[in-house]
J.: 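Sending over a structure as structure tokens; questions will come in a sec.
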Amino acid sequence: MRKLILQMTIFLSVIILYATTPKVVAAQNAHVSLIDHTQYYRVTVDLTDTSTTRAAVWQEYGAVLKSSVPGIGALLDSFISNACQGQNDTYTLLLQRTSQIRQQVPELYQSDIDAIALGLVDTTTDAMGDGLLSTNELWLLNLLPDVARLTQCSGFGVLPAAANSGKTTVVRNLDWDDGSTFQLSQLQTVTTIKIADNRELTLIGYLGAMQCISGIVKISSSEKNENIGLFAAILDSQTEQPYLSQNKRSFPFDLRYGLETLDSLAAIVIHLQSTSTQYTYGHLTLLADKDTVEVLENDLQPGGANLRTVESSSLYHAWTVPNTIGAVNCNMLPTSFNNSNDAWDTERWTSMQRLLTEAGSKISRTSMKSIAGYGPGLGSDGYLYIVNPKSAVQTQQIIIFEPETFKTSIAFHPVGRSITTNEVPVFQDIVIVPSYTGIPLAIFMLLE
């Protein structure tokens with residue numbers, strides 16, 4: 001009798017779990033699934049089927065977006081028009097920069113985006129603000145961090161010695177221009193790509209944008225009998241050099257390539273340092289695994305990008321919180337170009353340390369959420385949860401990730417509207433590695 005009660009309890013629990021999970025399956029194809037969670041889309045793309053081609057799967061992905069997300073082409077076209085400030089000269093310039101950089105994107109991803117375009121785009125004609133998405137505009141979306149500066153971001157990391165959980169945790173705030181009608185907030189997505197070598201890459205960003213804005217990779221290691229988790233995200237870091245796009249590479253796509261093919265933070269750092277002078281904009285890369293959080297500062301200068309760790313000292317501005325590390329939109333290592341004196345950086349750098357110190361010697365996940373959500377307001381006033389009344393730049397996503405356990409919480413920008421005064425970010429727990437979506441057969445076997 002007790003066994004039967006246990007079996008029935010498990011069975012009913014599973015039924016309730018699946019019945020109450022708030023989701024609408026917008027599309028479920030052979031290799032692509034898309035679930036609308038209202039504030040974001042959950043997408044999976046399976047590249048492990050050897051009976052088809054990678055290009056066919058990505059074309060399927062593009063077709064799923066077009067058929068399942070109403071007005072996606074018009075939203076992206078409108079966002080691009082906003083990014084160009086409605087100026088045709090700017091639009092032409094950004095398309096020119098895009099055409100020059102896309103040639104240096106790894107060929108695999110060039111093929112992917114061209115395949116997505118076959119399923120997604122509306123027109124072969126490039127025309128700003130026509131309500132239709134073209135292939136070149138899709139490419140512009142994918143190379144936006146390389147062709148235009150639109151961002152203010154921040155992040156911090158807490159090592160096991162300072163974390164209440166005893167595990168390394170990384171926090172990342174993405175502060176982007178959302179568009180005049182908050183177009184990007186309507187296209188937020190968590191996309192997991194299943195790759196053949198027991199690897200799953202999750203890109204946290206926007207539908208149709210396949211570069212790594214924020215990324216998590218799960219690497220299944222049979223030798224260690226564990227899953228290795230790596231995290232990476234891009235942050236802007238202006239270095240005042242003249243803009244050049246001819247023969248330049250895309251740093252978000254090179255970062256994605258590192259996550260998709262390499263097995264450690266050290267290898268990814270070497271990979272990015274090897275091409276550090278070949279990018280259009282100075283930038284930071286926030287990196288984490290179960291042991292550490294690091295910041296790779298790329299000022300585009302000869303000699304390679306410089307790696308800042310928790311142990312780094314003699315910074316342009318002191319960091320005084322033990323076993324933690326911070327990042328705003330500037331370099332801090334004395335071996336990097338000094339762009340660290342803007343108030344948006346100095347004030348956030350100061351407030352981040354104050355808030356971490358106030359959280360105590362063992363910083364809880366709840367405290368990390370509060371720190372990342374400090375605001376809303378201007379970065380020049382020290383706020384981390386950004387609202388800038390003079391532009392459309394607002395905090396789009398806050399990601400909190402624990403590499404050892406893959407525990408992930410994300411606060412998404414409100415859909416289709418501005419962050420309001422005194423608004424607090426709402427975090428959702430996200431399953432980064434999607435589990436089987438049916439009712440496990442084992443449940444039924446228990447009942448036999």
Side-chain angles (χ1 to χ4, degrees), residues 17 20-22 37-40 42 153-175 188 190 202 204 214 216 229 231 233 235 286-295 310 319-328 347-379 381-387 394-415 419-433:
L17 171 66
T20 58
T21 300
H37 286 273
T38 306
Q39 281 202 300
Y40 72 101
R42 187 68 173 96
C153 301
S154 65
F156 61 90
V158 180
L159 269 58
N164 187 57
S165 65
K167 300 183 187 303
T168 298
T169 308
V170 62
V171 181
R172 183 275 207 279
N173 285 30
L174 174 70
D175 310 324
Q188 297 178 106
V190 178
T202 297
I204 304 166
S214 306
I216 296 167
F231 174 91
L235 293 83
L286 181 64
L287 299 158
D289 62 14
K290 69 181 182 65
D291 298 316
T292 193
V293 182
E294 303 171 334
V295 179
V310 172
W319 184 266
T320 59
V321 189
N323 297 302
T324 67
I325 192 170
V328 287
E347 295 304 315
R348 287 183 297 162
W349 185 256
T350 299
S351 65
M352 194 181 293
Q353 292 183 78
R354 174 178 58 80
L355 294 166
L356 285 167
T357 300
E358 290 173 354
S361 59
K362 296 293 183 180
I363 303 168
S364 69
R365 195 176 186 88
T366 299
S367 293
M368 295 180 205
K369 291 178 180 179
S370 296
I371 294 167
Y374 176 57
L378 293 171
D381 293 328
Y383 293 112
L384 304 179
Y385 189 42
I386 300 299
V387 172
Q394 298 189 356
T395 297
Q396 300 299 313
Q397 294 155 7
I398 304 175
I399 303 166
I400 302 180
F401 177 63
E402 199 173 86
E404 185 173 341
T405 64
F406 292 87
K407 184 177 182 181
T408 305
S409 302
I410 304 177
F412 295 95
H413 188 284
V415 175
I419 296 170
T420 59
T421 303
N422 300 322
E423 184 162 359
V424 176
V426 178
F427 286 87
Q428 302 183 49
D429 292 333
I430 307 294
V431 179
I432 286 299
V433 182

J.: With rounding to the nearest 0.5 Å, note down the distance linking CD1 in I371 to CD in Q353.
T.: 11.5 Å
J.: Do F156 and T324 pass the side-chain contact (heavy atoms from CB on, under 4.5 Å) test, and can you show the C-alpha distance, the side-chain angles, and the key distance before you say yes or no?
T.: CA-CA 7 Å; F156 61 90; T324 67; over 6 Å; no
J.: With distance as the sole test, does R365 use its side chain to make a donor-acceptor pair with the main-chain N or O of I400 at under 3.5 Å?
T.: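 The answer is yes, because a donor-acceptor pair under 3.5 Å joins these two groups.
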J.: So, K362 side chain and S165 main chain: donor-acceptor pair closer than 3.5 Å or not?
T.: no
J.: Take a 6.0 Å sphere around NZ of K407 and say whether it holds more than 12 heavy atoms from other residues, nucleotides or ligands.
T.: no
J.: What's the separation between atom CG in N173 and atom CD1 in I398, rounded to the nearest 0.5 Å?
T.: 4.5 Å
J.: Indicate the atoms forming the closest heavy-atom contact of P403 with G229, along with that distance.
T.: CB-O, 3.6 Å
J.: Look up atom CG in N323 and atom OG in S361, then write down how far apart they are to the nearest 0.5 Å.
T.: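 The distance works out to 10.5 Å.
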J.: Could you check whether atom CZ of F427 has more than 12 heavy atoms from other residues, nucleotides or ligands sitting under 6.0 Å from it?
T.: yes
J.: Of all heavy-atom pairs between V293 and V158, which one has the smallest distance, and what is that distance?
T.: CG2-N, 4.5 Å
J.: Considering all heavy atoms of both residues, which atom of V295 and which atom of G326 are nearest to each other, and what is their separation?
T.: CG2-O, 4.1 Å
J.: Output, in order, the C-alpha distance, side-chain angles, deciding distance and verdict of side-chain contact (heavy atoms from CB on, under 4.5 Å) for L384 and R348.
T.: CA-CA 6 Å; L384 304 179; R348 287 183 297 162; 3.8 Å; yes
J.: Out of curiosity, I410 CD1 to I430 CD1, how far, rounded to the nearest 0.5 Å?
T.: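 Atom-to-atom, I410:CD1 and I430:CD1 are 5.0 Å apart.
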J.: Taking all non-hydrogen atoms of both residues into account, name the closest pair between G379 and I386 and its distance.
T.: N-CD1, 3.6 Å
J.: Go through the structure and list residues passing side chain to side chain contact (heavy atoms under 4.5 Å, CB included) with S364, not counting sequence neighbours.
T.: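 With sequence neighbours excluded, S364 shows a side chain to side chain contact (heavy atoms under 4.5 Å, CB included) to N164, T366, S367, given in chain and number order.
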J.: Between CD1 of I204 and OG1 of T408, what distance do you get to the nearest 0.5 Å?
T.: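 The distance works out to 6.5 Å.
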J.: Scan I399, T169, D289 and name whichever one has a side chain to side chain contact (heavy atoms under 4.5 Å, CB included) with F231.
T.: I399
J.: Any sub-3.5 Å donor-acceptor pair from R42's side-chain atoms to V431's backbone N or O?
T.: yes
J.: Between D381 (side chain only) and Y383 (backbone N and O only), is there a donor and an acceptor less than 3.5 Å apart?
T.: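 Side chain of D381 to backbone of Y383, a donor-acceptor pair under 3.5 Å: no, none is there.
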J.: If we only count heavy atoms from C-beta on, is the F412 to T38 side-chain gap below 4.5 Å?
T.: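 Sidechains of T38 and F412: no contact.
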J.: Taking only Lys NZ, Arg NE, NH1 and NH2, and the carboxylate oxygens of Asp or Glu, determine whether K167 and E402 approach each other closer than 4.0 Å.
T.: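 Judged by the 4.0 Å cut-off on N to carboxylate O distance, K167 and E402 do not form a salt bridge.
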J.: Evaluate side-chain contact (heavy atoms from CB on, under 4.5 Å) for Y374 paired with M352, printing each intermediate quantity in order.
T.: CA-CA 9 Å; Y374 176 57; M352 194 181 293; over 6 Å; no
J.: Looking at P376, is its backbone amide N or carbonyl O close enough to the side chain of E423 to form a donor-acceptor pair, meaning the two atoms are under 3.5 Å apart?
T.: no
J.: For the atom pair CD (Q397) and CG (D175), what is the distance rounded to the nearest 0.5 Å?
T.: 10.5 Å
J.: Using every non-hydrogen atom in the two residues, find where Y385 and P425 come nearest and quote the distance to one decimal.
T.: CE2-CD, 3.5 Å
J.: With under 30° as parallel and over 60° as perpendicular, where do the rings of F406 and F401 fit, or are they tilted in between?
T.: perpendicular
J.: Could you walk me through whether R172 and L235 pass side-chain contact (heavy atoms from CB on, under 4.5 Å), step by step?
T.: CA-CA 9 Å; R172 183 275 207 279; L235 293 83; 4.2 Å; yes
J.: Can you see whether W349 engages S154 through a side-chain donor-acceptor pair at a distance of less than 3.5 angstrom?
T.: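 No.
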